[in-house]
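Working notes for the structure below.
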Amino acid sequence: MKEKVLILGAGYAGSVVANILAREFRNKIAKDELEVTILDKNDININQGGFTFIPFELYTPEDITRPRKKLISPRVKAFFGADGEVTAVNLQNKEVAVKSNKKYSYDYLVIAMGCRADVNAVPGLTDDLNTFYTSMEDAFKVRDLVKNLNNGKVVVSVASMPVPCPGAPVKFTFMLDSYLRNVKKIRDDVQLTLVWPMEPIGPPEFNKFVTSQFEEKGVEVIRNFPLANVDAANKELTSKNGDKINYDTLITVPPHKAPQILIDSGLTDEKGWIGADKSTLQYRGPAGNYDNVYVLGDLGPADILKTGIGAHYQAIAVSQSLKNDIYGNGIQTPYEGETGCPLVTELETPATPGKGYIATWKYAKPPEAFSTTKMGWFLYRMYYHIHWDISVKGLF
Ligand SMILES: Cc1cc2nc3c(=O)[nH]c(=O)nc-3n(C[C@H](O)[C@H](O)[C@H](O)COP(=O)(O)OP(=O)(O)OC[C@H]3O[C@@H](n4cnc5c(N)ncnc54)[C@H](O)[C@@H]3O)c2cc1C
């Protein structure tokens with residue numbers, strides 16, 4: 001009997017799983033013993049990591065987008081648009097409905113639909129919303145804002161955790177400092193503040209390094225400021241603790257949440273994310289325990305760091321587990337918490353070398369002491385070009 005793997009979301013994690021399975025099971029697929037299907041609401045894959053660089057014109061839209069059909073193996077059945085936009089997931093009936101009213105059944109389900117910004121979660125936020133977190137268009141608006149900046153107090157505010165790539169606002173702030181200092185040469189006229197919702201910025205060694213760099217560069221850091229309200233008329237932020245901060249220019253990372261249809265399908269845990277075992281990534285949540293349902297990427301449990309690097313390693317572990325499931329060998333491949341947070345502390349400008357580092361860690365192995373380097377800058381910049389043909393295709 002033909003077995004069916006259904007993957008929801010053809011973003012980073014979903015594409016990697018689809019491509020690995022298509023390669024491993026090419027014979028079974030050819031003999032019609034296995035069907036791998038992937039669904040997405042649209043047909044363009046965006047590498048959101050590039051949004052952080054758009055304000056400084058370091059990547060173009062062409063660099064950070066690809067048609068999904070060029071990224072997914074032709075052995076995989078792919079449906080994009082109305083036939084791919086998921087509207088309901090029923091784990092008990094092993095059935096997924098999409099916008100066109102079509103229904104898909106499965107033996108194994110991979111939920112990889114990412115997460116999205118919830119700009120209405122903070123009252124007043126939409127009255128003064130400048131963010132590079134939501135779309136290409138919004139990232140370009142931040143570019144224009146930054147280009148036209150002349151003076152005043154610029155506040156980069158991260159409203160709450162978790163968000164995808166919590167390191168992105170950190171490197172954005174460093175790049176903004178470098179841009180204002182070395183390109184626009186107006187750094188002395190700008191007060192730059194990073195407002196953070198909790199005490200540490202990442203694991204201990206990461207926090208230590210970025211704290212010293214912010215001090216060195218004269219960037220003020222305000223911690224424990226979970227954003228409660230934006231008063232755009234008075235240009236004032238209020239935290240959930242009642243603290244207040246004024247600004248002239250506000251750049252925000254909004255709160256994020258799992259896709260609404262998964263919340264409406266009753267799959268989310270008490271924190272609003274899709275529950276899963278942190279090691280096997282099998283679904284464990286209010287809908288029950290399902291060993292044939294894997295949860296990966298940005299929509300997973302709140303305490304699994306939401307990064308592309310993490311999504312990649314999760315996709316590799318889940319692909320191996322699916323191979324084991326299909327071969328029926330009873331082996332489980334754990335996700336060991338491999339993740340990372342690429343950092344940039346200096347742009348490459350006429351006056352400075354670029355400086356970067358790709359800090360990585362696992363559940364049981366926090367990052368070691370590190371420093372940013374010119375080589376780190378080049379590797380991180382280069383990564384965006386190998387992302388499409390190596391990472392997304394599941395070749396490592
Ligand atoms: C500004 C920014 C900077 C970042 N920088 C970095 C970085 O430097 N390094 C790093 O490692 N990570 C970074 N990340 C995080 C990284 O982009 C994500 O962790 C990664 O994309 C997660 O992959 P995913 O597959 O879970 O989700 P996604 O890649 O978002 O894919 C989810 C897919 O699900 C689809 N989908 C959603 N709803 C539906 C539906 N109803 N029906 C069908 N399909 C649906 C979407 O269209 C999308 O294609 C950054 C993120 C942002 C926003």
Side-chain angles (χ1 to χ4, degrees), residues 6-18 38-55 59 64-66 68 71-72 78-89 96-100 104 110-117 131-136 138-139 142 158 162-172 175 251 253-254 256-265 273-274 281 295-300 304-315 318 338-344 356-360 380-381 383-384 387 391-392:
L6 180 61
I7 302 168
L8 311 183
Y12 193 2
S15 302
V16 173
V17 174
I38 193 163
L39 309 179
D40 205 289
K41 60 184 175 184
N42 62 45
D43 59 2
I44 298 288
N45 188 321
I46 303 179
N47 181 1
Q48 302 158 69
F51 290 169
T52 319
F53 295 85
I54 292 278
Y59 293 110
I64 63 168
T65 55
R66 289 288 184 279
R68 294 193 200 278
L71 301 172
I72 306 283
F79 298 94
F80 306 133
D83 277 349
E85 181 165 348
V86 178
T87 52
V89 177
V96 170
V98 293
K99 202 173 174 186
S100 64
Y104 297 86
V110 176
I111 311 180
M113 286 158 56
C115 67
R116 46 178 290 274
T131 181
F132 55 94
Y133 254 74
T134 36
S135 66
M136 190 89 74
D138 286 346
V142 174
V158 180
V163 295
C165 197
V170 176
K171 62 179 166 262
F172 174 83
M175 289 197 279
I251 297 168
V253 178
H256 278 66
K257 62 177 197 175
Q260 190 62 41
I261 78 97
L262 297 177
I263 299 170
D264 297 342
S265 296
W273 299 92
I274 312 297
L281 302 174
V295 172
L296 62 167
D298 284 358
L299 49 62
I304 298 185
L305 197 70
K306 302 178 186 315
T307 68
I309 298 177
H312 183 90
Y313 280 99
Q314 289 166 26
V318 164
E338 298 95 330
T339 191
C341 193
L343 185 63
V344 169
Y357 185 77
I358 304 181
T360 55
Y380 186 31
R381 293 276 285 133
Y383 170 74
Y384 281 79
H387 173 77
S391 301
V392 177

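One-based numbering, in listed order, for ligands and for the atoms of each. Only a predicted model underlies this, so the values are computations on that prediction, with no experimental measurement involved.
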Tell me the protein heavy atom at minimum distance from [atom], and give that distance in Å.
atom: atom 48 (C) of ligand 1; value: Asp40 OD2, 3.4 Å
atom: atom 36 (N) of ligand 1; value: Met113 O, 3.9 Å
atom: atom 18 (C) of ligand 1; value: Asp298 OD2, 3.2 Å
atom: atom 12 (N) of ligand 1; value: Gly308 N, 2.8 Å
atom: atom 28 (P) of ligand 1; value: Gln48 NE2, 3.8 Å
atom: atom 3 (C) of ligand 1; value: Thr52 OG1, 3.4 Å
atom: atom 31 (O) of ligand 1; value: Gly11 CA, 3.2 Å
atom: atom 23 (O) of ligand 1; value: Tyr12 CB, 3.6 Å

| ring-ring contact (aromatic ring centres under 6.0 Å, His included) partners for His312, two or more places apart |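 His312 satisfies ring-ring contact (aromatic ring centres under 6.0 Å, His included) with Tyr12, Phe396 once adjacent residues are dropped.
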Counting only heavy atoms, which portion of [X] has something under 4.0 Å from ligand 1: side chain, backbone, both, or neither?
X: Lys99; result: neither
X: Tyr380; result: side chain
X: Arg116; result: neither
X: Phe53; result: neither

| Heavy-atom pair of closest approach, residues Pro259 and Cys115 | CD-CA, 4.4 Å
| query | Which pair of heavy atoms, one from Leu39 and one from Tyr104, lies closest together, and at what distance? | reply |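 Smallest heavy-atom distance, with atoms named: CD2-CZ, 3.6 Å.
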Output the distance between atom [atom1] ([X]) and atom [atom2] ([Y]), rounded to the nearest 0.5 Å.
X: Phe132; Y: Asp138; atom1: CZ; atom2: CG; answer: 11.5 Å
X: Leu71; Y: Asp43; atom1: CG; atom2: CG; answer: 11.0 Å
X: Lys171; Y: Thr52; atom1: NZ; atom2: OG1; answer: 5.5 Å
X: Leu305; Y: Thr339; atom1: CG; atom2: OG1; answer: 4.5 Å

| Heavy-atom side-chain contact between Val142 and Ile54 under 4.5 Å |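 The answer is no; the side chains never approach within 4.5 Å.
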| request: Using heavy-atom distances, let me know which of Cys165, Ala13, Pro259, Gly114 sits nearest atom 50 (C) of ligand 1. | output: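 The residue whose heavy atom sits nearest atom 50 (C) of ligand 1 is Cys165.
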So if I count the atoms of ligand 1 from 1 in the order they appear, which ones are less than 4.0 Å from some heavy atom of [X]?
X: Tyr384; result: 8 (O)
X: Thr307; result: 11 (O), 12 (N), 19 (O)
X: Ala168; result: 3 (C)
X: Gly297; result: 26 (O)
X: Arg68; result: 47 (O), 49 (O)
X: Val86; result: 40 (C), 41 (N), 42 (N), 43 (C)
X: Gly84; result: 42 (N), 43 (C)
X: Ala112; result: 32 (C), 33 (C), 34 (O)

Where the side chain of [X] meets the backbone of [Y], is there a donor-acceptor pair that is under 3.5 Å apart?
X: Tyr59; Y: Arg381; answer: yes
X: Ser15; Y: Ala10; answer: yes
X: Thr360; Y: Gly340; answer: no

| query | Is the shortest distance from a heavy atom of Lys171 to ligand 1 less than 4.0 Å? | reply |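 Within the 4.0 Å threshold, so yes.
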Using distance alone, determine whether [X] and ligand 1 share an N or O pair under 3.5 Å.
X: Glu85; value: no
X: Ile309; value: yes
X: Lys41; value: yes

| said: Under a 3.5 Å cutoff, is there a donor and acceptor pairing between the side chains of Arg66 and Asn47? | reply: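 Not at all, the side chains of Arg66 and Asn47 share no donor-acceptor pair under 3.5 Å.
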| task | Test Val110 against every option in Val295, Leu8, Leu296 by the side chain to side chain contact (heavy atoms under 4.5 Å, CB included) rule and name the one that passes. | result | Leu296
| message | Checking Ser100 now: which residues fulfil side chain to side chain donor-acceptor pair (under 3.5 Å) with it, not counting sequence neighbours? | response |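 Ser100 satisfies side chain to side chain donor-acceptor pair (under 3.5 Å) with Asp83 once adjacent residues are dropped.
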| task | Look at atom CZ of Phe80 and say whether more than 12 heavy atoms of other residues, nucleotides or ligands are closer to it than 6.0 Å. | result | yes
